[in-house]
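One structure is given here, and the rest of the page talks about it.
Indexing begins at 1, ligand by ligand and atom by atom, following the structure's order. Just so you know, residue 1 is the first one in the sequence shown, and it goes up from there. The figures that follow rest on heavy atoms only: side chains count, while hydrogens, waters and symmetry mates do not.
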Amino acid sequence: MASSPILTTSLPQKQLTTSSSSAAGFRLPPPEKLAVLLDKSESVDLVKQIHAAILRRNLFLHPYHPVLNLKLHRAYASHGKIHHSLSLIHQTIDPDLFLFSAAINTASTNGLRDQAFLLYFQLLSSETVPNEFTFSSILKSCSTQSVKAVHTHVLKFGLGLDPYVATGLVDVYARGGGDVVSAQKVFDRMPERSIVSSTAMITCYAKQGNVEAARALFERVPETERDIVSWNVMIDGYAQHGFPCEALMLFRELLAKGRPKPDEITVVATLSACSQIGALESGRWIHVFIKRSRIRVNVKVCTALIDMYSKCGSLEEAVSVFNDAPRKDVVAWNAMIAGYAVHGYSQDALRLFDEMQGTAGLQPTDITFVATLQACAHAGLVEEGVRMFESMGQEYGIKPKIEHYGCLVSLLGRAGRLKQAYEIIKNMEMEADSVIWSSLLGSCKLRGDFVLGKEITEYLIRRNITNSGTYVLLSNMYASVSDYEGVAKVRSLMKEKTIVKEPGVSAIEVDDRVHEFRAGDRNHLQSKEIYTMVRKMSERIKSCGYVPDTDAVLQDLEETEKEESLEVHSERLAIAYGLISTKPGSPLRIFKNLRVCSDCHTVTKLISKITGRKIVMRDRNRFHHFVDGSCSCGDFW
Ligand SMILES: [Zn+2]
Ligand SMILES: [Zn+2]
């Protein structure tokens, strides 16, 4: 091409307005035809050819040129040539509103926020009046801060009630669960609400954790209008805010209705709900559903399956999904490494850590290190763990976060290097949280270092960095040295500060239903049979020489009473229910929200031996696999 745009635009206008002038026997199609060709262009080369022809034929001042320019912009953008498409506006004299709005939209949807705002300001200073398309485009680039200014412009130009603009505003205010009040104000004033605006508002409530308001609005949307996006927001909202059972129920409701069809996002959210309550049967059922309904098993679905199987206690199935996955990103590898770690297969976790960097050629992330450090901590691999922690910063340039320090502290604590762990906490760059302190206190109790344990606890109480766990640990430490005055002191302190001990809850899934038990619970329909089984088990394990570990009780009670309250700890009720309601020999999977106490740990080992059942127990910290009288954690957790 001999002529540049600058040269062609300087040619006399007379010649430019002819659209089909012939040169060397070639007739250029009229501009209307070129527009159609641009819309249908299948390759960027064709778009470039047409662009060249427009330049060559001096169509710049043709009355149809603005349309052509807009089509060119769209064609470049649709072929992913964002830079080409955006540079058109700079080559255009007096770009019109449509080109401006289209360019702002292209910049916004491609994450070029600064460029979108530059174009928006250029438009405002050119005295072009923005329309609803301009605003819905620039809103996509707004942050929760910049939206206020754009909102003012919206009102100034009288577009506050436009459904697209209002939806865009609700969407930005809702982003990151941000400004629910402003979002609601805009939403309430909308004369007509589309499913898109309602979904934006439901998202806003859900992200805030206000699942009740989200559900109420979801129910107000007519059933025929609910699309899969709104269902997904609702299911995910439940799953992410501590309502996994509701998430699962809503998913079943969606299937019962038959439409809309669940997609990848629906199953990922529902699988996450299964992981939280250890609903393995439901998780397996969703896996079958995914295969049957031909939902695309992308890397996110794969990772959700790996995570679900490993968190629901079936490491074998997690491994099989991982091995069959055609494509795995670092998140999938992290999920598998974490799976091995939490189940106590530390060597496998570390092997995968090497493979990930070797054969897969992926760089570990901070999350990878949480998993590998946990693996080291669970297996007592002190030197490896410390080396791993140091290599994070030195070799990989990853700054350790509180979670990494947490793993290091638990690793050192487990090895009995309590003073070193204490020093690390004191010298950390960030403030230690209650999790990290509880971990060190747990180690103090386990190692019988009552002096350091007491020093730490008193320091925590003085500085008001405590949770119910801290008090329970302190009380347990007093109890372990039979200092019942100390125990009483802690109890009155807890009363004074109105600290309620988090109740232990254990769950077991039987026949697709999750049954939950609290300590001493008598609410279950089969309560009588459950307690009969509890007593039967107690007698059998006592005849094997078991003596209850009464240190594990918080209260200062008479020996016999202590024994009874241990006997009805929530996990024992769940195990007893499992024993009476499942086939002999089948494995039991128990999920507990707190750490398993030492006495229940001993008892579960014995039950696994006398019943010949494999018992998989997930507590707050890790998985325990009880088989034939011993546990995979090696009695250290
Ligand atoms: Zn217990
Ligand atoms: Zn164990």
Side-chain angles (χ1 to χ4, degrees), residues 278 310-311 313 315 339-346 374-375 377-380 410 413-414 438-439 442-443 445-446 468-469 472-473 475-476 479-480 501-508 516-521 530-531 533-535 537-538 541-542 546-555 557 559-579 587-609 611 613-637:
S310 79
K311 285 189 178 151
L315 189 64
Y340 275 129
V342 79
H343 281 272
Y345 291 87
S346 302
Q374 254 168 11
H378 286 162
S410 109
R414 174 184 172 140
S438 306
S439 154
S443 299
K445 180 181 178 280
L446 214 67
S468 64
V472 174
L473 272 166
S475 165
N476 284 345
S480 67
K501 192 183 161 205
E502 189 182 344
V505 181
S506 294
I508 181 169
E516 283 188 344
F517 297 90
R518 284 177 167 69
D521 206 334
I530 292 170
Y531 278 86
M533 181 48 100
V534 167
R535 272 190 298 277
M537 279 300 125
S538 287
I541 57 178
K542 269 183 193 158
Y546 154 77
V547 183
D549 168 17
T550 41
D551 282 354
V553 204
L554 168 63
Q555 294 94 342
L557 298 169
E559 283 291 315
T560 48
E561 263 178 303
K562 270 193 226 178
E563 216 176 290
E564 181 169 303
S565 53
L566 278 173
E567 197 175 63
V568 295
H569 273 187
S570 62
E571 55 270 57
R572 304 224 193 150
L573 300 179
I575 291 172
Y577 179 63
L579 289 173
L588 300 179
R589 292 171 209 277
I590 314 288
F591 294 84
K592 190 175 183 193
N593 63 337
L594 304 177
R595 236 174 227 239
V596 56
C597 81
S598 55
D599 190 64
C600 289
H601 196 268
T602 311
V603 168
T604 312
K605 283 200 290 187
L606 292 170
I607 294 179
S608 77
K609 193 174 173 67
T611 59
R613 301 250 201 163
K614 177 180 174 179
I615 303 174
V616 180
M617 191 187 289
R618 181 174 100 186
D619 73 0
R620 180 172 269 181
N621 210 23
R622 61 170 295 155
F623 271 97
H624 301 262
H625 293 250
F626 298 93
V627 182
D628 196 28
S630 58
C631 180
S632 61
C633 74
D635 297 337
F636 204 109
W637 68 98

Ring geometry between Phe626 and His624 (parallel below 30°, tilted from 30 to 60°, perpendicular above 60°): parallel
With Phe517 via ring-ring contact (aromatic ring centres under 6.0 Å, His included) - residues at least two apart: His524, Tyr577
Heteroatom count (protein N, O or S) under 2.8 Å of the Zn ion (ligand 1): 3
Exercise: identify the closest heavy-atom pair between Arg518 and Leu573: O-CD1, 3.3 Å
Parallel, tilted or perpendicular: ring planes of His343 versus His625, cut at 30 and 60 degrees: tilted
Angle subtended at the Zn ion (ligand 2) by SG of Cys633 and ND1 of His624, nearest 10°: 110°
Interatomic distance, Lys592 atom NZ to Asp619 atom CG [nearest 0.5 angstrom]: 8.0 Å
Nearest heavy-atom neighbours spanning Ile530 and Ala576: O-CB, 3.7 Å
